[in-house]
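Below: the structure, in structure tokens.
In the text below, chain A, chain B and the rest are named by the order of the sequence lines, each starting its count at 1.
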There are 2 protein chains.
Amino acid sequence: MSAKQPVTMGDIARLANVSKPTVSRALSDSPLVNEETKEHVRAIARKHGYAVNRNAQKLRHKRTNTIAVSLDYQSLRRNHVADPFIFELLAGVSEVLGEENQDLLLCAPSHNNIETFQHMLASRGADGFIFLGQGHREDMLEALAKYGAPMIVWGASSEDTPYCVVGSDNFLGGVLAGQYLLQHQRKNFLFVGDTTFKEIYGRRNGLQKAIDESNQTVEVKDLALNNFSYESVFEQANIFLDNNKTYPDAIFAFNDNAAMAFIHALRLRGVSIPEDVSIVGYNDIAPTRYFNPPISTVRQDPYQAGKLLVKKLMEKLDGNTPESEVIKTELIVRET
Amino acid sequence: MSAKQPVTMGDIARLANVSKPTVSRALSDSPLVNEETKEHVRAIARKHGYAVNRNAQKLRHKRTNTIAVSLDYQSLRRNHVADPFIFELLAGVSEVLGEENQDLLLCAPSHNNIETFQHMLASRGADGFIFLGQGHREDMLEALAKYGAPMIVWGASSEDTPYCVVGSDNFLGGVLAGQYLLQHQRKNFLFVGDTTFKEIYGRRNGLQKAIDESNQTVEVKDLALNNFSYESVFEQANIFLDNNKTYPDAIFAFNDNAAMAFIHALRLRGVSIPEDVSIVGYNDIAPTRYFNPPISTVRQDPYQAGKLLVKKLMEKLDGNTPESEVIKTELIVRET
DNA sequence: AAAAATAATGAAATGCATTTCATTGAATTG
DNA sequence: CAATTCAATGAAATGCATTTCATTATTTTT
């Protein structure tokens with residue numbers, strides 16, 4: 001048996017002395033076909049390495065069983081893949097889609113505009129979309145949803161988001177991080193991250209909530225990052241520290257990478273971590289566990305996330321209107 | 001214009017007062033059609049949000065313009081995505097496939113057997129495969145190649161590999177690492193990695209070559225890892241150090257993650273890095289740059305790798321027989 | 001001006017599998 | 001035993017786009 005010989009359902013029908021419909025039914029295990037006939041047909045199909053042509057099948061069924069997944073490459077690039085969380089998420093989605101017998105079409109980084117996605121749908125290249133990270137594409141996503149594309153987005157939702165969003169509870173994550181830092185009697189807080197991203201804005205708000213609800217008087221500064229690679233955060237941290245005589249004693253960083261870069265910068269200025277400064281990161285990527293010192297962080301479970309994203313999209317494709325949902329985040333304390 | 005209205009080529013033909021073939025030709029910019037007619041047809045197609053049904057197209061063309069990409073999930077799992085290199089590679093491949101107008105089908109982790117791949121081909125779900133990391137699937141890959149599957153593998157090749165392999169020059173990487181370590185007058189070498197992986201075996205051989213060609217007398221030990229997650233390497237490092245009174249003074253680790261874990265273990269035993277021990281990792285992942293101390297490593301360029309993988313596969317699909325090729329590796333020295 | 005070549009278009013066949021509807025023979029019912 | 005139901009199967013239509021081949025109108029050649 002080799003890949004060279006193309007066989008069609010008609011060929012199998014002839015070889016099995018039955019008609020095409022019978023082969024079709026036998027292979028899809030239809031109850032309309034006699035068990036013996038089924039086995040006979042299957043045996044012949046197996047022998048000739050026959051597999052139903054998916055393209056003919058998709059054409060007929062008007063359903064592709066294919067989900068297109070688009071990563072937020074734009075911020076990924078600014079990140080230099082330093083934070084592998086989005087890939088863990090992709091692995092989670094991939095695994096769950098496999099379980100659901102759905103194919104995963106990975107969208108190319110360069111084709112990230114609404115026309116591409118509309119075209120994907122109109123040409124029946126995929127039944128729906130999963131967007132990992134909304135990044136700064138919110139306008140596009142909103143327009144795409146209004147266009148009628150079945151889609152689920154990993155990110156943060158607000159009241160009027162016209163598409164279903166699954167995301168970790170950024171607000172809760174911020175609250176947990178804030179409470180943790182407050183427990184340490186810290187007074188000078190610093191939030192590191194670009195709050196023009198909805199997810200990050202949620203984390204910042206959670207932090208504020210925790211502070212407001214404690215009856216402690218603390219100061220909060222913000223460092224609005226414009227680039228997320230380690231080197232860049234390191235540089236921005238240094239500029240910040242140059243311009244601020246009093247160093248912060250509590251830092252909440254929008255991701256682990258930024259937390260590590262900031263620690264690095266502080267270290268080089270003779271600051272002891274975690275004695276002088278308490279730090280919380282976000283995502284629980286592997287290096288946080290072995291950074292010196294290990295970093296406390298907010299954890300989101302990529303497999304569970306993938307599960308939920310896929311489940312919601314399947315609901316949507318079945319004609320329902322799934323509700324946005326938030327996955328509980330948990331604080332991982334790694335005090336040394 | 002919304003996603004709801006399915007339009008076929010026949011509809012566009014009617015609306016444009018031409019026949020289906022003319023629409024087909026106009027949309028594929030065939031020279032057979034008058035320019036004005038083309039523009040007229042295109043305008044109507046655009047107006048109605050029409051896009052050619054890819055499934056009908058694939059069925060007719062007998063070519064899918066889809067490449068299935070399979071990651072080495074098995075070792076990925078043992079790795080806990082600690083080493084993001086394989087994802088950088090995936091991003092590279094994704095980018096280049098996009099440029100080539102090829103769709104990227106990401107294979108599910110659980111479906112990693114020859115039957116799945118044969119089925120993918122026979123059912124015309126993809127034209128060919130790119131395997132990222134051969135891992136321990138060599139027998140399967142060999143059988144798949146003999147079956148006739150168009151495929152390119154990222155990994156290491158040997159004389160008789162029956163498929164085209166693109167990979168970084170592991171041997172050269174090993175030589176470079178060895179020479180670097182020898183320059184530091186080190187005497188007790190340790191290689192950390194599982195040499196049953198071809199790629200890693202190549203690195204080990206390169207190290208040996210460098211040692212043999214120097215006229216220095218040095219000892220080389222091997223630590224055969226069985227699990228690659230940071231925690232596990234850390235543990236295995238500790239066991240090794242417990243059992244060896246003389247600590248190594250030169251370490252070449254099969255990847256950066258293992259290098260970092262080993263440094264971690266040594267540090268906790270009071271060993272100074274890089275004073276007492278010189279270390280070289282592999283892959284140049286982001287954390288090596290900001291680890292304390294920064295780690296020298298062997299770099300492979302993921303975009304260039306993706307470019308070459310895709311180019312070779314396209315050659316193969318055009319009926320040629322591309323040669324295996326090796327990408328130069330370079331040593332990144334990060335001495336502090 | 002007739003013959004030949006060219007440009008532009010369409011009818012019908014094709015790629016492959018599935019669905020609807022009809023048919024056959026066997027089994028069950030009254 | 002005739003009438004009815006059921007199980008199993010097949011012929012033909014369908015999904016949508018592309019290709020081959022034929023046709024018409026137009027331009028070029030002699």
What residues form a side-chain contact (heavy atoms from CB on, under 4.5 Å) with B:S19, not counting sequence neighbours?
B:P21, B:T22
Counting only N and O atoms by type, is there a donor-acceptor contact under 3.5 Å from the side chain of A:D127 to the main-chain atoms of A:I67?
no
Rounded to whole Å, how long is the line connecting atom CZ of B:R124 with atom P of C:dC16?
8 Å
C:dA17 P sits how many Å from A:R14 CZ, rounded?
12 Å
Are OP1 or OP2 of D:dC16 and a side-chain N or O of B:Q57 less than 4.0 angstrom apart?
no
Give, ordered by number, those residues of residues 19-29 of chain A having at least one heavy-atom distance below 4.0 Å to an atom of DNA chain D; if nothing qualifies, reply none.
A:S19, A:P21, A:T22, A:R25
Report yes if a side-chain nitrogen or oxygen of B:Y50 is closer than 4.0 Å to either non-bridging phosphate oxygen (OP1 or OP2) of D:dA17; otherwise report no.
yes
To the nearest 10°, let me know how far the axis at one end of the helix from C:dA1-D:dT30 to C:dG30-D:dC1 is tilted from the axis at the other, five pairs an end.
40°
Which residues pass the side-chain contact (heavy atoms from CB on, under 4.5 Å) test with B:D103, not counting sequence neighbours?
A:L105, B:R54, B:T66
Residues two or more places apart in sequence or in another chain: which of them pass side chain to side chain donor-acceptor pair (under 3.5 Å) with B:N17?
none
Using the salt bridge (Lys or Arg N to Asp or Glu O under 4.0 Å) criterion, which residues pair with A:E36? Sequence neighbours excluded.
none
Sequence neighbours left out, what pairs pass salt bridge (Lys or Arg N to Asp or Glu O under 4.0 Å) with at least one residue falling in residues 14-26 of chain B?
B:D11-B:R14
Whole-Å distance between D:dT9 P and A:H40 NE2?
11 Å
Rounded to whole Å, how long is the line connecting atom CG of B:L59 with atom P of C:dG15?
10 Å
Tell me every residue that passes side chain to side chain donor-acceptor pair (under 3.5 Å) with B:N112, counting only those two or more places apart in sequence or in another chain.
B:R137
Side chain to side chain donor-acceptor pair (under 3.5 Å): pairs with one or both residues in residues 310-321 of chain B, sequence neighbours excluded
B:K312-B:E325
When you get a sec, tell me which of D:dA17, C:dG15, D:dC16 is the closest nucleotide to the side chain of A:K62?
D:dC16
Of B:R60 and B:V18, the one whose closest nucleotide on DNA chain C sits nearer the 5' end is B:V18
Between C:dA17 atom C1' and A:D11 atom CG, what is the distance in whole Å?
13 Å
On the 0 to 90° scale, with breaks at 30° and 60°, tag the A:F129-A:F117 ring pair as parallel, tilted or perpendicular.
perpendicular
Partner set under side chain to side chain donor-acceptor pair (under 3.5 Å) for A:E115, not counting sequence neighbours
none
Solution key, residues 151-167 of chain A side-chain donor-acceptor pairs under 3.5 Å, sequence neighbours excluded:
{"residue": "A:S158", "atom": "OG", "partner": "A:D160", "partner atom": "OD1", "Å": "3.1"}
{"residue": "A:S158", "atom": "OG", "partner": "A:T161", "partner atom": "OG1", "Å": "3.2"}
{"residue": "A:S158", "atom": "OG", "partner": "A:K198", "partner atom": "NZ", "Å": "3.3"}
{"residue": "A:T161", "atom": "OG1", "partner": "A:S158", "partner atom": "N", "Å": "2.8"}
{"residue": "A:T161", "atom": "OG1", "partner": "A:S158", "partner atom": "O", "Å": "3.0"}
{"residue": "A:Y163", "atom": "OH", "partner": "A:Q134", "partner atom": "NE2", "Å": "3.4"}

Just how far, in rounded Å, is C1' of D:dA17 from NE2 of B:H61?
8 Å
Which protein N or O atoms sit under 3.5 Å from an N or O of nucleotides 6-8 of chain D?
none

